Q: 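Mind looking over this structure? Questions follow.
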Amino acid sequence: VHVCGAPRMEARPGVSTVSRMHDNFDAGLKAIDELDGATPLLFSRFYVAGDLSRESRRDALALAAALGHRAAAVTAPERADLIVTGSTPGGAPGRVTLDPSALSELEGARATVAVAPRGLADRDDYELRQIDVGIDGSREATAALGTAVRLALAHAARLRLIGIAEIAFDLDGTPRDADTRELKRLARHLEQAADRLAGLSVAAELREGLPDQILLGLAREADLLVLGSRATYGGAGEVALGDLGKRILRRASCATLIV
């Protein structure tokens, strides 16, 4: 596991950010052990969400084609196992940009959500070569990893597992070191996951800092970022984007998948 310090970050005074979530990662890895190159079609039906411009709709369709080679378009979201949309017009080219109304429409979706960066359809060279996946030890992270593994198998893509020990700041804005227990916990999960994926091209990175800034920085090197939904706080089977997911979906420089 490669351990790195964080780049310069924007201070958030007085916010304690060390994870205290229930850890369900070990049990969730068992399902991933059963995956192999014969994994069935991951997405079979997709729905294009939102009142999109022509450009954004083209981007959404290009991403749907990349994620589900033979997936069929459906006219109702409840029939889909993938809900895909394009970025808000006027956003920076090459970036995922969703405004509050678009984010609200995706909240509570009952399928995996994918957002295409602006201009994706114009990229003749787009393919899934590197997939980043956020690992925080939760059951949602296990679901994200399972989806990322299936996509990596289907596309012969590299996987990068990213664990982030979130730091806190003193009231004067001085950053504190990440909690040592949290670093050890995340390192253990990254090692466990990497060991189980020995047949794939896998790298693991453990970082200290603010998750959104680190994920956004690393996403510049990726073709797809996969994150777990905050489903613990949403309704059963519904996507709950959470604060981190919303921040990522406003600025990511690669296509983003929320499982």
Side-chain angles (χ1 to χ4, degrees), residues 1-2 24-44 46 63-69 71 81-84 96 109 111-117 120 126-164 186 189-207 211-212 214-231 239 241-242 244-245 248-249 252-259:
V1 177
H2 182 52
N24 288 311
F25 195 69
D26 296 358
L29 287 177
K30 294 179 181 178
I32 294 175
D33 291 338
E34 301 172 3
L35 298 178
D36 57 32
T39 302
L41 189 65
L42 182 53
F43 301 115
S44 59
F46 71 90
L63 181 56
L67 295 173
H69 291 301
D81 49 24
L82 174 67
I83 295 176
V84 62
V96 166
T112 295
V113 167
V115 185
L120 182 70
Y126 182 71
E127 58 181 304
L128 299 184
R129 294 180 291 262
Q130 176 161 316
I131 300 171
D132 284 359
V133 55
I135 301 295
D136 63 8
S138 65
R139 65 181 182 182
E140 293 85 5
T142 307
L145 179 59
T147 297
V149 168
R150 289 176 171 87
L151 288 168
L153 288 167
H155 295 269
R158 300 183 299 273
L159 272 179
R160 178 163 58 180
L161 316 180
I162 303 168
I164 303 169
L186 288 170
H189 289 317
L190 289 170
E191 290 171 359
Q192 287 176 322
D195 287 346
R196 279 176 156 88
L197 304 176
L200 292 172
S201 175
V202 179
E205 291 201 21
L206 177 57
R207 299 279 186 121
D212 57 333
I214 291 173
L215 288 170
L216 288 168
L218 292 174
R220 299 188 187 101
E221 306 165 1
D223 302 296
L224 181 70
L225 171 61
V226 185
L227 298 174
S229 161
R230 302 304 303 138
V239 166
L241 298 176
L244 175 61
I248 296 296
L249 292 178
S253 55
C254 70
T256 303
L257 199 68
I258 308 290
V259 179

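What you see below is based on every heavy atom in this structure, not just the backbone, and it leaves out hydrogens, waters and symmetry mates. It should be emphasised that the depicted structure is a prediction, and the values quoted were computed from it without experimental measurement.
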Q: Under the 3.5 angstrom rule, does the side chain of R160 hit a backbone N or O of L218 as a donor-acceptor pair?
A: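 Between the backbone of L218 and the side chain of R160 there is a qualifying donor-acceptor contact (under 3.5 Å).
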
Q: Less than 4.5 Å apart, any side-chain heavy atom of L241 and any of V239?
A: yes

Q: Could you tell me which non-hydrogen atom of G228 sits nearest to which non-hydrogen atom of A144, and how far apart they are?
A: N-CB, 3.6 Å

Q: To the nearest 0.5 Å, tell me how far L225 CG sits from Q130 CD.
A: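 L225 CG to Q130 CD: 11.0 Å, rounded to 0.5 Å.
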
Q: Measure across C254 and V96 and return the closest heavy-atom pair with its distance rounded to 0.1 Å.
A: O-CG2, 3.3 Å

Q: Heavy atoms only: give me the nearest A194-L161 pair and the separation to one decimal.
A: N-CD1, 4.0 Å

Q: Are the side chain of H155 and the backbone N or O of I131 linked by a donor-acceptor pair below 3.5 Å?
A: no

Q: If you look at every heavy atom in E205 and L190, which pair is closest and at what distance?
A: O-CD1, 3.6 Å

Q: Could you measure the distance from the OG1 atom of T256 to the CG atom of D132? Nearest 0.5 Å is fine.
A: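 Reported to 0.5 Å precision, the distance equals 10.0 Å.
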
Q: Provide the closest heavy-atom pair for V259 versus A143 in the form atom of the first, atom of the second, distance.
A: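 Closest approach of V259 to A143: CG1-O, 3.9 Å.
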
Q: How many angstroms lie between NE2 in H189 and OG in S138, if you round to the nearest 0.5 Å?
A: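 If we round to the nearest 0.5 Å, H189:NE2 and S138:OG are 9.0 Å apart.
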
Q: At what distance, to the nearest 0.5 angstrom, does CG of L151 lie from CZ of F43?
A: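 It is 6.0 Å, given to the nearest 0.5 Å.
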
Q: Got a second to check how far L186's CG is from I162's CD1, nearest 0.5 Å?
A: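 L186 CG to I162 CD1: 12.0 Å, rounded to 0.5 Å.
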
Q: For I135 and L145: C-alpha separation, side-chain torsions, deciding distance, then whether side-chain contact (heavy atoms from CB on, under 4.5 Å) applies.
A: CA-CA 8 Å; I135 301 295; L145 179 59; 4.2 Å; yes

Q: For residues L82 and L67, determine if any side-chain heavy atom of one lies less than 4.5 Å from a side-chain heavy atom of the other.
A: yes

Q: If you define the side chain from C-beta out and look only at heavy atoms, does anything of L215 sit under 4.5 Å from L227?
A: yes

Q: Donor-acceptor pair, distance only, cut-off 3.5 Å: does the side chain of D223 make one with the backbone of R129?
A: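 Confirmed, D223 side chain pairs with R129 backbone.
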
Q: Which residues satisfy the side chain to side chain contact (heavy atoms under 4.5 Å, CB included) test with A255, sequence neighbours excluded?
A: L63, P117, Y126, L224

Q: Locate the shortest heavy-atom distance separating S229 from E140; write the atom from each residue and the value.
A: O-CG, 2.6 Å

Q: Could I get the full list of salt bridge (charged side-chain N to carboxylate O under 4.0 Å, His left out) partners for D81, not counting sequence neighbours?
A: none

Q: Heavy atoms, side chains only, cut-off 4.5 Å: are V113 and L257 in contact?
A: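 They are not in side-chain contact.
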
Q: Would you say that L42 contacts T112 through its side chain, given a criterion of any heavy-atom pair below 4.5 Å between the two side chains?
A: no

